[in-house]
Amino acid sequence: MNADTVVQWIERAAEVIEENEKTLTELDAAIGDSDHGANMARGFSAVRGKLTAHPRDDIGAILKMVGMTLLSTVGGASGPLYGTLFLEAAKISAGKPEIDRVVILQSLAAGLAGIQKRGKAEPLDKTMVDALGPAIRAFEGAEGVSLAEALAQAAEAARLGAEATIPLVARKGRASYLGERSAGHQDPGATSMWLLLQSLAEAGAE
Amino acid sequence: MNADTVVQWIERAAEVIEENEKTLTELDAAIGDSDHGANMARGFSAVRGKLTAHPRDDIGAILKMVGMTLLSTVGGASGPLYGTLFLEAAKISAGKPEIDRVVILQSLAAGLAGIQKRGKAEPLDKTMVDALGPAIRAFEGAEGVSLAEALAQAAEAARLGAEATIPLVARKGRASYLGERSAGHQDPGATSMWLLLQSLAEAGAE
Amino acid sequence: MKKLLNAPSDLVKEALAGMALAHPGLLRVHVDPAFLVRADAPVRGKVAVLSGGGSGHEPLHGGFVGRGMLDAACPGAVFTSPTPDQILEATRAVDGGAGVVHIVKNYTGDVMNFEMAGELARDLGITTETVLVNDDVAVENSLYTAGRRGVGATVLVEKICGAAAEAGRALADVAALGRRVNEHGRSMGIALSPCTVPHAGKPSFELGPDEMEVGIGIHGEPGRRRAKLEPADRITEMLMHPILDDLPFQAGKDVLLFVNGLGATPLLELYVVFRKAHEIAAARGLRVVRSLVGPYITSLEMAGVSITLLQVDEEMVRYWDAPVHTAALRWGV
Amino acid sequence: MKKLLNAPSDLVKEALAGMALAHPGLLRVHVDPAFLVRADAPVRGKVAVLSGGGSGHEPLHGGFVGRGMLDAACPGAVFTSPTPDQILEATRAVDGGAGVVHIVKNYTGDVMNFEMAGELARDLGITTETVLVNDDVAVENSLYTAGRRGVGATVLVEKICGAAAEAGRALADVAALGRRVNEHGRSMGIALSPCTVPHAGKPSFELGPDEMEVGIGIHGEPGRRRAKLEPADRITEMLMHPILDDLPFQAGKDVLLFVNGLGATPLLELYVVFRKAHEIAAARGLRVVRSLVGPYITSLEMAGVSITLLQVDEEMVRYWDAPVHTAALRWGV
Ligand SMILES: Nc1ncnc2c1ncn2[C@@H]1O[C@H](COP(=O)(O)OP(=O)(O)O)[C@@H](O)[C@H]1O
Ligand SMILES: Nc1ncnc2c1ncn2[C@@H]1O[C@H](COP(=O)(O)OP(=O)(O)O)[C@@H](O)[C@H]1O
Ligand SMILES: [Mg+2]
Ligand SMILES: [Mg+2]
Ligand SMILES: [Mg+2]
Ligand SMILES: [Mg+2]
């Protein structure tokens with residue numbers, strides 16, 4: 001995967017987030033404060049503005065820019081977490097104009113580790129971790145297939161993981177205030193995480 | 001008409017006002033501030049509490065008590081006006097244990113004069129005057145019939161007068177702020193005035 | 001609209017009891033007839049300033065009782081003018097021997113009840129002066145209406161009269177000052193959603209999701225006209241232009257700009273309106289020297305905003321700035 | 001719910017501009033990143049007190065910027081925690097060389113953004129101390145939740161920390177005091193009707209005419225449970241008893257009783273609740289020595305009330321009484 005693909009990923013992600021802003025808002029209305037859609041849209045819109053002119057020689061630098069931008073525009077719980085995801089991933093791919101699947105795996109894993117270090121969420125706490133964790137495991141286990149196929153499997157695992165948050169009682173984040181009432185609703189952050197990974201798979205397929 | 005009949009009138013009025021509190025509220029909601037029903041009910045409830053023990057030898061004293069009580073409990077525009085109505089009527093029948101139709105006419109006329117002096121409303125301004133004025137003229141013109149029949153005609157004139165306020169544009173009171181929008185709604189004060197006079201007719205019929 | 005209350009007929013009485021408990025050093029509550037007075041009333045030798053009206057506009061008037069503003073406030077039932085005996089007893093309770101100013105919002109009921117109370121006070125040898133507040137530009141002041149309503153300028157009249165009285169000014173001066181404030185203030189409001197009077201159980205009018213009432217009062221009655229909901233900046237223009245043209249406010253003058261919440265409108269939105277109103281005033285060549293933003297004269301839970309613009313002179317500003325110690329306005333003490 | 005605004009994404013920015021115009025001598029507004037600081041910031045040698053959070057809770061926090069309370073406030077988007085760069089820039093702007101206290105409401109986003117800002121501030125040589133506010137008793141503080149929410153006690157922590165800082169107390173003392181206030185404060189709220197976040201266009205939940213949400217927060221999310229609407233006195237009991245039992249508040253102690261409007265509840269109703277809450281506190285043997293009633297920490301146009309009870313000692317009362325000059329709280333100056 002080269003830097004152009006990474007840029008395509010983020011551009012696609014920004015589109016997908018914008019297309020799904022209403023959905024994310026509604027998910028966050030049911031078990032939160034209705035801002036996740038606007039938060040993510042604001043963040044990715046700011047990122048998109050900076051992407052076009054960004055140099056294409058260092059993937060880490062691109063991811064760092066994405067992380068810093070999300071961190072300073074998204075806010076809420078998702079801002080620091082998504083910011084950390086990209087900043088930690090950026091460290092792994094620092095200086096590289098191209099990354100192979102090993103680096104991709106390490107970057108995603110570093111991102112997850114950063115999210116869990118910052119937010120202290122465990123699997124099944126009903127958060128974005130429940131989309132990213134399965135995605136990483138699927139990607140890791142996708143041997144003997146193309147990178148594009150592996151990314152697609154990761155995206156599918158993220159989708160299923162987000163869906164699997166529906167019956168869960170939230171133990172982290174704003175949804176946890178609702179207790180049992182949080183069950184029956186899909187977690188907004190897990191949903192946006194899936195959308196991110198889906199965009200990555202789409203960029204990786206081209 | 002003796003004092004007992006006057007007491008019956010006021011007791012009947014209190015009942016009728018209570019029965020029609022919701023109607024008066026709704027009329028005052030359309031072109032006012034929704035309080036006329038509660039105002040009148042509060043006032044007549046207070047009056048009813050004082051009626052039972054009140055001496056029956058002086059109709060003027062009874063009417064004065066009614067006026068003072070309404071004045072100190074009703075509030076709003078209708079409080080001073082209804083208070084004045086009864087206080088002015090009380091002066092005419094002061095000291096009398098019985099009143100004939102001449103005194104009744106003078107009392108009502110004094111009441112209307114008091115209302116118009118205090119509130120400065122003219123006929124067709126869309127106020128209680130538009131029920132009381134016609135009632136007085138009907139009573140005055142009811143020659144050769146019993147007192148009961150004359151009072152019934154007065155009540156009917158009040159009813160028609162209140163209904164006739166429907167198409168009028170209010171020029172006095174809170175409804176006047178609405179301008180043209182006040183047309184199409186019956187005036188609450190004219191309606192309560194009719195109810196008062198209807199109660200008087202009912203008491204006079206017994 | 002749902003409400004936090006017990007029996008509707010106990011609402012005012014219970015709220016007064018709560019005020020007495022919340023502000024013990026500030027005011028005293030008299031239960032029957034109902035009125036509030038400043039804790040140190042009567043203040044001998046000082047002109048007393050008294051107002052009142054229906055409940056449902058809080059903090060107006062009870063929240064303005066205290067040093068530097070109202071000596072007494074008379075609360076009627078919700079949206080119902082207080083009665084002459086309330087007003088008389090309150091007048092007697094605060095009469096310090098220098099006369100009593102009655103600040104009366106121009107509604108037929110308020111005017112008549114205060115008039116009758118004034119007559120009774122006179123019979124008892126208490127001199128009263130009435131300052132009528134009729135700042136609302138939405139209604140024509142003509143032979144065909146009950147005159148202009150008293151709305152936002154009431155707060156400003158109460159503050160300025162209260163300060164003048166506290167400073168030892170004579171009765172005629174305090175009243176004249178109050179009238180001058182009224183004459184130089186203009187207001188107008190809009191509503192995005194109605195309010196519900198507890199006894200009535202339902203709002204007095206309904207508004208669709210894209211409608212607003214223009215030229216609204218503070219008693220829940222419909223406004224002058226219904227219009228399509230517009231952005232805040234356009235609404236601010238719709239309020240400011242009639243206000244500016246009515247006095248008319250002339251370039252080079254100083255003004256106090258008061259953006260008032262009618263009850264349910266968030267402070268965020270009031271500041272958005274203030275920003276635009278300030279811009280419009282400045283464009284008209286006015287200097288905004290003082291400001292007030294918040295829910296000060298409300299209409300239960302009505303969502304909406306009213307703007308009051310007061311052309312001020314040095315004396316008005318001095319009395320606006322003077323110390324005041326009430327539940328809802330406090331500075332300098 | 002309809003709103004007075006222009007473009008939703010400009011709401012916060014325009015409101016800030018309005019605040020700057022309305023309170024020019026009191027605060028300064030920085031646009032990008034967005035924050036407000038007291039007009040005389042930085043105050044050299046004084047511990048600075050900073051807070052922030054999503055917009056939509058006004059006057060919290062921007063309305064509490066000024067002498068004796070907050071040096072700075074960082075407003076995020078509606079109901080959205082501010083970002084580390086906002087908090088860092090505001091921290092730098094008010095750092096007087098004696099350290100900065102960050103008052104952080106216990107929400108995952110607020111905590112993380114302030115944490116990251118604190119790390120960045122440390123890198124720049126600015127010492128910060130975090131006071132976490134988590135007074136809401138409606139949520140269990142357990143391994144299975146994100147902890148108790150910071151609600152009404154935030155106002156009290158900000159006032160008391162602000163006063164202590166103004167009095168020249170050291171950073172560690174101000175922080176310790178703030179934590180002690182938090183530890184002795186308990187809150188709970190109910191909602192009669194929801195609010196609508198501008199971007200969302202519709203409320204996050206619907207309530208029937210005879211329903212209320214019990215254990216509500218200030219971000220529009222549903223409460224702990226839905227219940228039948230009850231009379232005000234019963235609702236007050238439903239709030240006071242969990243509050244009283246949680247600390248637990250013990251007979252003979254002094255308390256500050258704070259009855260807060262969530263946005264659309266009329267002041268009349270807040271005082272009805274105060275009356276009953278005061279009675280319940282007194283029945284528990286508590287002495288209500290201070291009170292606060294009004295919309296101080298809101299949730300846009302939510303109708304509802306929250307109660308905060310703070311067990312106070314002499315030091316807390318002294319700092320509560322100390323002069324404060326902000327848009328929303330002012331005394332002694
Ligand atoms: N501690 C946490 N760890 C991981 N993810 C979390 C945590 N807390 C919240 N989230 C995620 O953040 C999402 C909510 O984001 P957002 O609505 O933008 O922030 P906020 O909850 O502050 O309004 C949740 O759906 C959840 O996926
Ligand atoms: N100037 C007036 N003269 C006569 N009647 C009036 C006048 N002003 C108002 N009214 C009467 O009072 C009625 C309203 O009474 P009410 O609702 O109790 O008082 P308010 O208008 O103060 O709320 C009107 O319907 C009208 O009949
Ligand atoms: Mg959210
Ligand atoms: Mg009425
Ligand atoms: Mg009325
Ligand atoms: Mg949020």
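Here is the naming used below: chain letters follow the sequence lines, and residue numbers restart at 1 for every chain. Side chains are part of it too, since the values below use all heavy atoms of this structure and drop only hydrogens, waters and symmetry mates.
- In terms of heavy-atom proximity, A:Ser34 sits nearest to D:Ser204 at OG-CB, 3.8 Å.
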**Report entry** Criterion side chain to side chain contact (heavy atoms under 4.5 Å, CB included) on D:Thr80 and A:Arg42, from CA distance to verdict
**Finding:** CA-CA 12 Å; D:Thr80 305; A:Arg42 176 174 57 249; 3.8 Å; yes
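- With a threshold of 4.5 angstrom between heavy atoms, D:Phe205 does not approach chain A through any atom at all.
- In terms of heavy-atom pairs under 4.5 Å with chain D, the best-connected choice from A:Gly179, A:Ala121, A:Gly173 is A:Gly173.
- Proximity to chain D is limited to the backbone of A:Ala170, based on heavy atoms less than 4.5 angstrom apart.
- Only the side chain of A:Arg181 comes within contact range of chain D, with heavy atoms under 4.5 Å apart.
- The candidate from D:Glu115, D:Met112, D:His199, D:Arg148 with the greatest count of non-hydrogen atom pairs under 4.5 Å with chain A is D:Met112.
- With sequence neighbours excluded, the residues satisfying side chain to side chain contact (heavy atoms under 4.5 Å, CB included) with A:Ala155 are A:Gln198, A:Ala201.
- In this structure, the side chains of A:Arg174 and D:Arg149 stay at 4.5 Å or more apart for every pair of heavy atoms.
- Atom OG1 of D:Thr108 sits about 5.0 Å away from atom OH of A:Tyr177, to the nearest 0.5 Å.
- For chain D, the nearby part of A:Glu21 is the side chain; its heavy atoms alone come within less than 4.5 Å.
- Residue contact with chain A, scored on non-hydrogen atoms closer than 4.5 Å, is absent for D:Glu89.
- At a threshold of 4.5 Å between non-hydrogen side-chain atoms, the residues D:Thr145 and A:Lys172 do not count as touching.
- Listed options D:Gly220, D:Gly76, D:Pro84 were ranked by heavy-atom pairs under 4.5 angstrom with chain A; first place goes to D:Pro84.
- Ranked by non-hydrogen atom pairs under 4.5 Å with chain A, the options D:Asp136, D:Val197, D:Asp110, D:Asn113 are led by D:Asn113.
- Remark: A:Arg48 CZ is packed, more than 12 non-hydrogen atoms of other residues, nucleotides or ligands lying under 6.0 Å away.
- With sequence neighbours excluded, no residue satisfies side chain to side chain contact (heavy atoms under 4.5 Å, CB included) with A:Ala113.
- A distance of 11.5 Å separates OG in D:Ser55 from CG in A:Asp35, rounded to the nearest 0.5 Å.
- Interface summary for chain A: among D:Arg225, D:Glu140, D:Gln86, the most heavy-atom pairs under 4.5 angstrom belong to D:Arg225.
- When the ring-ring contact (aromatic ring centres under 6.0 Å, His included) test is applied to D:His57, the partners found at least two apart in sequence or on another chain are D:Phe79, D:His219.
- Contacts of D:Ala200 with chain A are made by both backbone and side-chain atoms, with heavy-atom separations under 4.5 Å.
- Between the NZ atom of A:Lys120 and the CG atom of D:Leu143 there is a distance of 13.5 Å, given to the nearest 0.5 Å.
- The contact list for residues 51-87 of chain A toward chain D, using heavy atoms and a distance under 4.5 Å, reads A:Leu71, A:Ser72, A:Thr73, A:Val74, A:Gly75, A:Gly76, A:Ala77, A:Pro80, A:Leu81, A:Thr84 by residue number.
- Among all heavy-atom pairs drawn from A:Ala29 and D:Pro222, the shortest one is O-CD, 4.3 Å.
- When all heavy atoms are compared, the tightest approach of D:Arg224 to A:Leu178 is NH1-C, 4.0 Å.
- Only the backbone of D:Val78 comes within contact range of chain A, judged by heavy atoms closer than 4.5 Å.
- For a residue to count as touching a neighbouring chain, one of its non-hydrogen atoms must lie under 4.5 Å from one of that chain's; by this rule D:Asn106 touches chain A with the backbone only.
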